[in-house]
Structures are given as structure tokens and as C-alpha cells.
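In what follows, a structure is listed as C-alpha cells, so that the remarks can point back to it.
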Amino acid sequence: MSTENNDAYKRIAELARDMSEHLPNDSATALGELIHNAVDHIPGANYAGITVVSRQNRDVATPAATHEAPRTLDALQQKHREGPCFDAAVEHDSYYISNLYDETRWPRFCADAIEQTPIQSIAAFQLFTTRDAVGALNLYSDDPDAFDQESRDLGYIFAAHAATVWGALQRGEQFRSALASRDTIGQAKGMIMERYSVNAIQAFDLLRKLSQESNIRLYEIALQLVENDHPSGAR
């Protein structure tokens with residue numbers, strides 16, 4: 001391994017550690033930083049993107065991309081239900097296309113990709129898997145044979161660190177969502193306590209009973225009460 005690539009490995013680890021310690025408040029910003037760093041530090045990469053595939057219906061989404069071309073390729077994989085990024089996510093594996101013009105594994109995808117984008121090389125790495133979705137980190141180049149073995153090794157390492165960042169993002173969003181739910185339920189409890197002269201335990205029991213009887217989540221019941229008490233635009 002060259003000293004240059006050894007330094008790149010260390011730099012990728014440092015970038016992932018820094019992102020984990022100083023995560024932005026929203027996923028879009030964090031994922032954008034992540035894939036721009038991939039392009040900056042992995043030789044051969046002109047563009048990068050993240051592909052997410054729903055487990056339920058296999059719909060394809062692109063939560064982050066450095067260029068419109070990766071979004072176009074994901075749309076084609078959605079259309080044909082085939083492609084390296086789709087398979088990297090769904091099959092929990094990694095795939096490399098050295099030259100789209102010579103590739104035979106995904107014929108419909110490759111034909112449209114050649115016609116609609118300048119991309120010729122793709123390296124796709126399985127990124128994460130959750131109960132609801134699977135994802136891949138993808139590198140793209142306008143040149144054939146753009147990713148040698150050392151570049152692909154860097155891609156594997158970057159994907160491993162990126163998966164850690166993704167996990168931290170998801171936990172952060174879940175935590176913020178839980179806090180927001182708790183605050184909304186607290187507001188609804190306060191309204192019920194004031195309006196019906198009951199204590200906090202009784203107010204919560206009333207909310208829970210409404211939730212069970214209507215088969216609607218307790219948070220959604222609380223949100224309806226809060227929004228109805230404070231209609232949009234009211235002063």
C-alpha cells in the first residue's frame with residue numbers, strides 16, 4: 001500500500017470521527033458533507049451519492065448526491081428494478097462496473113445510463129440496513145476503469161465509517177422526535193388538566209383511553225388537541 005493511500009485511510013477515519021462528534025442538526029447536511037468528502041478523498045471519483053431502497057416496496061430514493069447524474073441513475077434503477085446501487089443496497093453486497101459499455105449484468109439499466117449520463121464507471125458499497133430500508137454509498141466517474149483496487153479499498157473503508165455516521169444521525173433524529181412527542185403530549189395534558197380540573201395522571205389516562213378507542217397513536221391524539229386549540233395563524 002502506498003504512503004499516499006495510507007494517509008488517505010487515516011484522513012477518512014478522521015473525517016468520520018469529526019462528523020460523528022459534530023453532527024449537523026439535519027441528515028441532508030450531514031450526508032451532503034459525507035459524500036463530498038468521498039469525492040475529495042477517493043481517487044477516480046467525480047461524483048458520489050447515497051441510494052436508499054425501501055424494504056416494503058423496493059422504492060428507490062436519493063437522499064444525497066453531489067451531482068444530478070447520480071439521481072438520474074437512481075431513477076433508472078427505480079424504473080428497471082436493477083442496477084449496481086440497487087443491488088448493493090438490497091443484496092448487502094458491493095459491486096463495481098469498470099465500463100458501462102462492456103457491462104452485461106444489468107442490460108436495461110446500462111443502456112439507459114449510457115444514453116442519459118456521462119458516467120462510465122461505478123463503485124457501489126452496501127452502507128446500512130434497518131428494519132424499513134437498506135442503503136448504499138456509490139462512487140461515479142466519467143472515465144472507464146476509474147477505480148483501481150486501492151480506490152475500491154478506500155471506498156469500503158469510507159462506507160464502513162459512513163455507516164457509523166448514518167447510525168448516529170438516525171439515533172439523533174429519533175431522540176429529537178421523541179423529545180418533540182413528549183413536549184406535545186405534555187402540552188395536551190396541560191390543556192386537559194386546566195379544562196377539566198384533573199391531575200396529570202388522570203389527564204394522561206384520558207389521552208391513553210382516547211388513543212385506544214380511536215386506534216390512533218397517543219402522540220397524534222395529543223397533536224390534534226394542541227393544533228385544534230391553537231389553529232394555524234391564530235394570535
Side-chain angles (χ1 to χ4, degrees), residues 16 19-35 49-65 71 74-75 77-79 81 85-93 126-137 159-235:
M19 286 192 68
S20 295
E21 292 174 354
H22 306 96
L23 284 174
N25 288 328
D26 63 283
S27 293
T29 300
L31 295 177
E33 290 180 9
L34 191 154
I35 59 175
I50 291 176
T51 301
V52 175
V53 182
S54 165
R55 285 188 182 277
Q56 183 175 5
N57 51 24
R58 298 298 176 90
D59 280 347
V60 179
T62 314
R71 298 186 186 278
D74 277 352
Q77 291 178 102
Q78 166 77 17
K79 174 184 176 182
R81 301 294 172 137
C85 312
F86 183 89
D87 283 2
V90 173
E91 302 298 332
H92 302 177
D93 207 342
Q126 193 268 333
L127 179 60
F128 70 87
T129 177
T130 68
R131 183 184 63 183
D132 301 319
V134 289
L137 171 70
H161 289 302
T164 301
V165 172
W166 179 278
L169 283 168
Q170 296 304 107
R171 289 191 296 274
E173 290 190 348
Q174 290 167 1
F175 179 70
R176 287 191 291 273
S177 177
L179 286 179
S181 297
R182 187 189 67 180
D183 290 346
T184 300
I185 292 170
Q187 290 180 56
K189 281 171 53 181
M191 289 164 48
I192 293 172
M193 290 167 64
E194 180 180 359
R195 191 162 300 173
Y196 299 105
S197 300
V198 296
N199 62 33
I201 294 174
Q202 292 169 324
F204 184 79
D205 285 342
L206 283 170
L207 281 172
R208 185 161 50 83
K209 186 175 181 180
L210 279 172
S211 173
Q212 292 170 345
E213 290 179 350
S214 59
N215 198 28
I216 298 174
R217 289 192 311 148
L218 191 145
Y219 164 72
E220 292 174 357
I221 289 288
L223 184 62
Q224 290 175 15
L225 289 173
V226 171
E227 289 182 341
N228 288 337
D229 193 65
H230 301 287
S232 178
R235 290 290 184 268

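Quantities reported herein were computed from a predicted structural model and do not represent experimental measurements.
To the nearest 0.5 Å, the span separating CD1 on Ile185 from CZ on Phe204 amounts to 6.5 Å. With rounding to the nearest 0.5 angstrom, the OG1 atom of Thr184 is 6.0 Å from the CG atom of Leu223. Once rounded to the nearest 0.5 Å, the distance linking CZ of Arg195 with CG of Leu225 reads 8.5 Å. Atom CG of Leu210 and atom CD of Glu220 lie 13.5 Å apart (nearest 0.5 Å). Separation of atoms CD1 (Ile50) and CG (Leu31) is listed at 4.5 Å; rounding is to 0.5 Å.
The two residues Val90 and Val53 come nearest to each other via the heavy atoms CG2-CG1, 3.8 Å. The minimum heavy-atom distance linking Val226 with Ala188 is given by the pair CG2-N, 3.9 Å. Residue Ala64 comes nearest to Ile35 through the heavy atom pair C-CD1, 3.5 Å, listed as atom of the first residue, atom of the second, then distance. Shortest non-hydrogen contact noted between Arg55 and Arg131 is CD-O, 2.9 Å. Closest heavy-atom contact between Ala65 and Arg71: N-NH2, 3.8 Å. Pairing each heavy atom of Arg81 with each of Asp59, the nearest pair is NH2-OD1, 3.4 Å.
Side-chain atoms of Ser54 do not come within 3.5 Å of backbone N or O of Ala133 as any donor-acceptor pair. Side-chain atoms of Gln212 do not come within 3.5 Å of backbone N or O of Lys209 as any donor-acceptor pair. Of the possible donor and acceptor atoms, none in the side chain of Gln77 sits under 3.5 Å from a partner among the backbone N and O of Val60.
For the pair Arg208 and Asp205, the salt-bridge criterion is met [side-chain N within less than 4.0 Å of a carboxylate O].
For Lys79, the salt bridge (Lys or Arg N to Asp or Glu O under 4.0 Å) partners two or more places apart in sequence, or in a different chain, are Asp112. For Ala75, there are no side chain to side chain contact (heavy atoms under 4.5 Å, CB included) partners two or more places apart in sequence or in a different chain. Taking the ring-ring contact (aromatic ring centres under 6.0 Å, His included) definition, one finds that Phe128 meets it with Trp166, sequence neighbours left out.
Side-chain contact annotation: Gln56 with Asp132, donor-acceptor N/O pair under 3.5 Å absent.
Within 6.0 Å of CG in Asn57 there are more than 12 heavy atoms belonging to other residues, nucleotides or ligands.
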